[in-house]
Every structure is written in structure tokens, then in C-alpha cells.
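Note sheet for the following structure.
Numbering of ligands and ligand atoms starts at 1, following listing order. The residues of the chain are indexed from 1 along the displayed sequence.
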Amino acid sequence: MPQVTGNLADALATVVGSAHVLEDPELRAPYERDWSGRFGAESRLVVRAADASEVAAVLRMCRDSGVAVVPQGGNTGLVGGSVPRGGEVVLSLTRLTSLGEVDMTTAQVEAGAGVTLAVLQKHAGAAGLDAGMDFAARDSATLGGIASTDAGGLVAFRHGTARARIAGLDAVLGDGSVVRRMSGLLKDNAGYALPALLVGSEGTLGVITRVRWKLVVPNPERVAALVPLDSIEAAAELLGILRTRVPSLEAVEFFLPEGLELVSSYLGVDPPVDGAAVYLIVEAAAPFDPTEELAEVLPEDALVADDTASRRRMWRLRESHTEAIAAAGVAHKMDVGVPLTALGEFLAHVPDVVAALAPEARTILFGHLADGNVHVNVLGLDDDGDAVDEAVLRLVAELGGTISAEHGIGIAKAPYLGLVRAADEIEAMRAIKRALDPSGLLNPGVVV
Ligand code: 2HG
Ligand code: ZN
């Protein structure tokens, strides 16, 4: 294996080829700022490995040179967890795109960390199966990033978060040792579950190079509905009815009038409904047509979409929130989880909490209602905006929620971990970090 004798870039080039070591600031730039537009800094260089052995060699060289590494997938993160804080090497995994044949006995498939969610969805579809995960960034977000953040998305209610979809993985740990767990066994309790620990560890313990993904059997018949409601309490009540009386229920998402207005004008469309306090998008999918089952419990003014084109139009109103917000400015994003019993109180209080500190700011609230996952986006904050983040996250903690539901802690929320995790628990996390990444090579400043 090549040794680092002089310049790190030259040494890395002997591993990945000089075309994949980017030093030119213009070439580095797309890797240095994340999708939030808020986080990022200059890297020392960007290195694009092609496989697990190159990843291992890159990590060893960086460790030997005392240079920290920020692993990066599709760079769709929103919490600063996959972009440099200043001077690190960015290790891009997007070239790890090998994709195995679907194993029809287990309904599992092996895929490189750089395979995007959309490619996995297509590959699964060709075998008559489905990825069991979906979200708006599907074309760019990669499986390595999805695994390391334990991403959730639009159908987590039915199929769980990434954790539930990952049957195994390969990873290179910070100390250079390798974890290989690709057998995909449902029952395998031999020792500590290291793959489970790596899922959601945000690149702080190891670099995931390959995953074994559990596919699901798709439901061919699908119906969506846009439901206008008078209050968040009415939404919570309807959610209870949907959950218990609609077995084909797949997703229950929500947005509010401010979001609908912003998205409609961004897309240049007339909102199909207005005048409500809360809007839900409900989707059901089953082997039989679930329209009747769903319609039975929905209010009369719900708009039902039973063909693909109208369902897509409906979903665009929800999925385009992130883009419409980004077009309006750089938002502070707080991806939080709140117990459903406290959701009404949370949504009612957040605008006041923000307004008390930043009267001019604009607060957009939307998210995955069935999961209690609210995306708080605040536009128009100045440099002191972190006080707003803290106040919102404190409210979440007081209500028994979590400061990170699906985007991760990153650097955005690292200072606030103590709001929802006890000191002992954080110390246990630090001990794990020291054990698996003793030189602090991987993603410094993220999580703990
Ligand atoms: C979504 O649910 C994503 O659309 C992004 O998690 C949320 O932009 C956001 O805050
Ligand atoms: Zn989300």
C-alpha cells in the first residue's frame, strides 16, 4: 500500500488517481456547502474513492497525516454534517455505485454507498419490488448518507426509517478496522450489533461503503387525498381514525397555509384548496383499490386523487416545501420530533417563540404528521439567529420530543444534544467514539 511520504494530495492520487483528488477551489466548491446553504467551509481537498479498499487507504493516509476526514454522499444534508468546518479532507462516496442483483429469496439487494435512492427504487421496481423509502431528494441522496443519518422520509410510517431497511453493511472504522456484515440474516445476535451502531452515527465512527437493503412488496393500487382541516387537534383526531381504521395507510403528511401559499407561488399554480388551518396529504396503498376504505373516514371536502398524475400534483405541494423555502432565502432548519399528544401545543407555540426573539422572521411548519416529525423552517434571521434555534429546541425538549427526527444532529444541533440526552448517555457516546475512532479522524464536531 502506498505510504504518505510527502504531499498528502500526491499520496492520495496514487490510490484514487489524480483526476479524483480535487484541489482547485472551483472544483472543490460543490462539495463544500450543504443543501441548507447555511453550513460549509473550505476543505483541504476533495478525494473521490471508487471502492472500499480505496476508502480504507484514504482513511489511513489521512490518519497518518493528521488530517480529519468528512465523509460525504449526495450532499443533500441540512445540518452541516457532511461538509467541511475548515481544512478537512472531504471523502466523497458517490463513485461507489455498484449494485447487485436483487436476491429474490430474501428480497434484499446489496448496493454501494454511492447508489442514489432513485436508482435503488428503479432497480427494485424492475424486480417487482420497492425500496420501502422515499423522499424529495431521491435523485441525489445516496444510500451511504441515508444509512449514516438513519433517514426517514415519506413512508417511514409504514416501512420504518433506514434502520428498518438495512439488513447489513460494510464499513471502515476510524481506527482502520473493517466491519463486514452482509449475510442479511434476520436473526443474528452474535455479539454487539456494530452495523446498528453505525446506522445514524453520521460518519463519526466509520465510513459505510456498502449496504444490504431490505426491499418491500409494492402495493399496486394507490390513492391520495388532500384534506383541509380547521385545527391541528382535528388533524390529530383524524390521524387516530386513519391509523386504526385504514390498514392500507402509508403516509400522513401536513403543511400549513403559509407553506401552501409559498409553494403555490413558487410552482406558479393556484392552490387547489384554501381557507383551512391545516392541510393533510394522506396516501393509502394496497393490493386492492383502497379508495373506498380511505374515503369512508375522510371529511367530505377532501380532494381525492386516484390517478398517478393527480397524485403527483398533490404531492408536489408537500414535497416542494424545501425548494420553495430555499428560493426565498437561507432558512434555519430544525427537524424535530414531538409526541403526538403535544403536537397541537408545539405548533401553536412555535410561531410565538420565534416572534419573541425575531419579530420579522417567517416561520414555515410542515412535516410527517404520522411520525410526529415537524420541520421548523425560519426565514429572515440575522446572525443572532441561533437564539431562535435554541428556544425552539428547548420547547421541543420540554414537551418530551427530540431535537433530531431524521436529518441528524450534524454541527447544527451538536450544542443542544444535552437538551434530550442525559450527561451519562453523552459520555457513553463519547466513549464509543474514542473506541472506534481513537484519533478523532472522522467528522470532528459532529454529534458529540
Ligand atoms: C422533507 O420532509 C425533508 O421534505 C426536508 O425532510 C425538510 O426542508 C426541510 O426542512
Ligand atoms: Zn422530512
Could you pull out, from I364, V374, D335, N377, the option with a heavy atom nearest to atom 10 (O) of ligand 1?
N377
Could you tell me whether F135 approaches ligand 1 through its side chain, its backbone, both or neither, with non-hydrogen atoms closer than 4.0 Å?
neither
Numbering as shown, the atoms of ligand 1 that approach T322 to under 4.0 Å (heavy-atom distance)
4 (O), 5 (C), 7 (C), 8 (O), 9 (C)
Is any side-chain heavy atom of D437 closer than 4.5 Å to one of T204?
no
If the Zn ion (ligand 2) is the vertex, what is the angle to NE2 of H368 and NE2 of H375, rounded to 10 degrees?
100°
Heavy-atom nearest neighbour of atom 1 (C) of ligand 1 within options H332, R318, E253, E323:
R318
N/O/S atom of D335 inside 2.8 Å of the Zn ion (ligand 2), strictly under:
no
Using 30° and 60° as the class limits, which term best fits the ring planes of Y279 and F255: parallel, tilted or perpendicular?
parallel
I'd like to check which ligand 1 atoms, numbered from 1 as shown, lie under 4.0 Å from a non-hydrogen atom of H368.
2 (O)
Side chains of Q121 and D134: any donor to acceptor distance under 3.5 Å?
yes
Polar side chain donor-acceptor pair, E54 to H20, under 3.5 angstrom:
no
With a heavy-atom distance limit of 4.0 Å, tell me whether E406 approaches ligand 1 through its side chain, its backbone, both, or neither.
side chain
What atom name does the N, O or S atom of E406 nearest to the Zn ion (ligand 2) carry?
OE2
Working note: E283 + R318, criterion salt bridge (charged side-chain N to carboxylate O under 4.0 Å, His left out); need CA distance, chi angles, decisive distance, verdict.
CA-CA 12 Å; E283 181 147 311; R318 160 64 183 87; over 6 Å; no
Check the pair R210, L96 against side chain to side chain contact (heavy atoms under 4.5 Å, CB included), reporting the backbone distance first and the verdict last.
CA-CA 8 Å; R210 197 165 178 76; L96 277 72; over 6 Å; no
Which residue and non-hydrogen atom of the protein lie closest to atom 6 (O) of ligand 1, and at what distance in Å?
H407 NE2, 2.7 Å
Donor-acceptor pair, side chain of R222 and main chain of P290, under 3.5 angstrom
no
Check for a donor-acceptor pair, side chain of E32 on one end and backbone N or O of E42 on the other, with a separation under 3.5 Å.
no
Could you establish whether K333 and ligand 1 come within less than 4.0 Å of each other, counting only heavy atoms on the residue side?
yes
